[in-house]
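Hydrogens, waters and symmetry mates play no part in the numbers below; they use all other heavy atoms, side chains included. Everything numeric here is computed off the predicted structure, so don't read it as measured data.
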Amino acid sequence: MATLATYYATLLDMPDSEYKVEILEDGPVKKIAVNGKIYEVDYNMGGDSIHSIIIDHHSHGVQISPSSNNSYTIMNKGELYQIELKSEMEKIHYAHADADAVGRQVVQAPMPGVILKTYVKKGDSVKKGDPLCVLVAMKMENEIRSMTDGVVKEIFVEDGMKVGLNDRVMVIE
């Protein structure tokens, strides 16, 4: 079964509490996996931030409020949770950002998709964090950024080109 999207949820007061949430089927009833355990989920929007979530035929009235960029406050049965959500792209980006790249960097596609726009050309100087190109995957635009300072030595893609997971996009030295 193909995964349509993957997110990582972390409870902010429990730093080691990362949950991998995979959306397996999207429809009136969604099939999701949380750390590999599969659930059938149906939900309806109630008031402003109240969601009626039915998980395996049990209903939960949950209040979800955005608190910052990727963070949400969730109230469920009087319990308050602060969670941070990251998409697979963001998780990969933050993991790479923590490990400083040195020397030659082969930029690879972090997921299959289509190159929408390339911002750099061969010979351009780039700084760590500079956007290199935009990859469209699952109807979302994801910026691929440089992990190091350097010069673009090779570009293997062009606008509109399809790429697979780990396909070479460009080389920076």
Spacing of Thr118 atom OG1 and Leu132 atom CG [to the nearest 0.5 Å] = 9.5 Å

Verify same cluster id: Val107, Met161 (apolar side-chain graph, 4.5 Å) | yes

State, yes or no, whether a side-chain contact exists between Ile23 and Tyr7 at a heavy-atom distance under 4.5 Å.
-> yes

Below 4.5 Å, heavy atoms only, C-beta onward: do Ile55 and Glu40 meet side chain to side chain?
-> no

Closest non-hydrogen contact found for Ser52 with Ser59 is OG-OG, 3.8 Å

Do Val157 and Val163 pass the side chain to side chain contact (heavy atoms under 4.5 Å, CB included) test, and can you show the C-alpha distance, the side-chain angles, and the key distance before you say yes or no?
-> CA-CA 8 Å; Val157 297; Val163 292; 3.8 Å; yes

One should read off an interatomic distance between Tyr72 OH and Leu85 CG, to the nearest 0.5 angstrom, of 6.0 Å

Kindly give the heavy-atom pair with the smallest separation between Asn166 and Gln108, and that separation in Å.
-> O-NE2, 3.3 Å

Indicate, with yes or no, if Tyr19 and Leu4 share a hydrophobic cluster defined by side-chain heavy-atom contacts under 4.5 Å among Ile, Leu, Val, Met, Phe, Trp and Tyr.
-> yes

To the nearest 0.5 Å, what is the distance between CG (Asp159) and CG (Leu116)?
-> 7.0 Å

Could you pull out the closest heavy-atom pair between Val120 and Ile155, with the gap in Å?
-> O-CD1, 3.4 Å

How long is the gap from CG on Asn76 to CD on Gln63, to the nearest 0.5 Å?
-> 11.0 Å

Rounded distance [0.5 Å steps], CD1 in Ile74 versus CG in Leu80 = 9.5 Å

Does the side chain to side chain contact (heavy atoms under 4.5 Å, CB included) test come out yes or no for Val134 and Tyr119, once each step is laid out?
-> CA-CA 8 Å; Val134 176; Tyr119 295 125; 3.1 Å; yes

For the side chain of Asn142 and the backbone of Met140, is there at least one donor-acceptor N/O pair under 3.5 Å apart?
-> yes

Is the backbone N or O of Lys128 less than 3.5 Å from a side-chain atom of Asp149, with the two atoms forming a donor-acceptor pair by type?
-> yes

Can Ile53 be reached from Val29 by stepping across I, L, V, M, F, W or Y side chains whose heavy atoms are under 4.5 Å apart?
-> no

Least distance between heavy atoms, Pro28 atom then Asp42 atom | O-OD1, 3.2 Å

So, is the end of the Lys37 side chain (NZ or CZ) under 6.0 Å from the ring centre of Tyr39 and within 45° of the ring's axis?
-> yes

Ser17 to Leu11 - nearest heavy-atom pair and separation = OG-N, 3.1 Å

Residues Lys20, Thr6; criterion side chain to side chain contact (heavy atoms under 4.5 Å, CB included); working and verdict | CA-CA 7 Å; Lys20 182 178 183 180; Thr6 303; 3.8 Å; yes

Is there a path of hydrophobic side-chain contacts, each under 4.5 Å between heavy atoms of I, L, V, M, F, W or Y residues, that connects Val62 with Val41?
-> yes

Lys122 vs Met170, side chain to side chain contact (heavy atoms under 4.5 Å, CB included): CA-CA, chis, key distance, verdict = CA-CA 9 Å; Lys122 194 171 173 177; Met170 56 187 75; over 6 Å; no

Say whether, by atom type as modelled, one donor and one acceptor occur between the side chain of Ser146 and the main chain of Thr148 under 3.5 angstrom.
-> yes

Over all atoms of both residues, closest heavy-atom pair of Val151 and Ser125 | CG2-OG, 4.0 Å

Nearest 0.5 Å please: distance from the CD1 atom of Ile115 over to the NZ atom of Lys162.
-> 13.0 Å

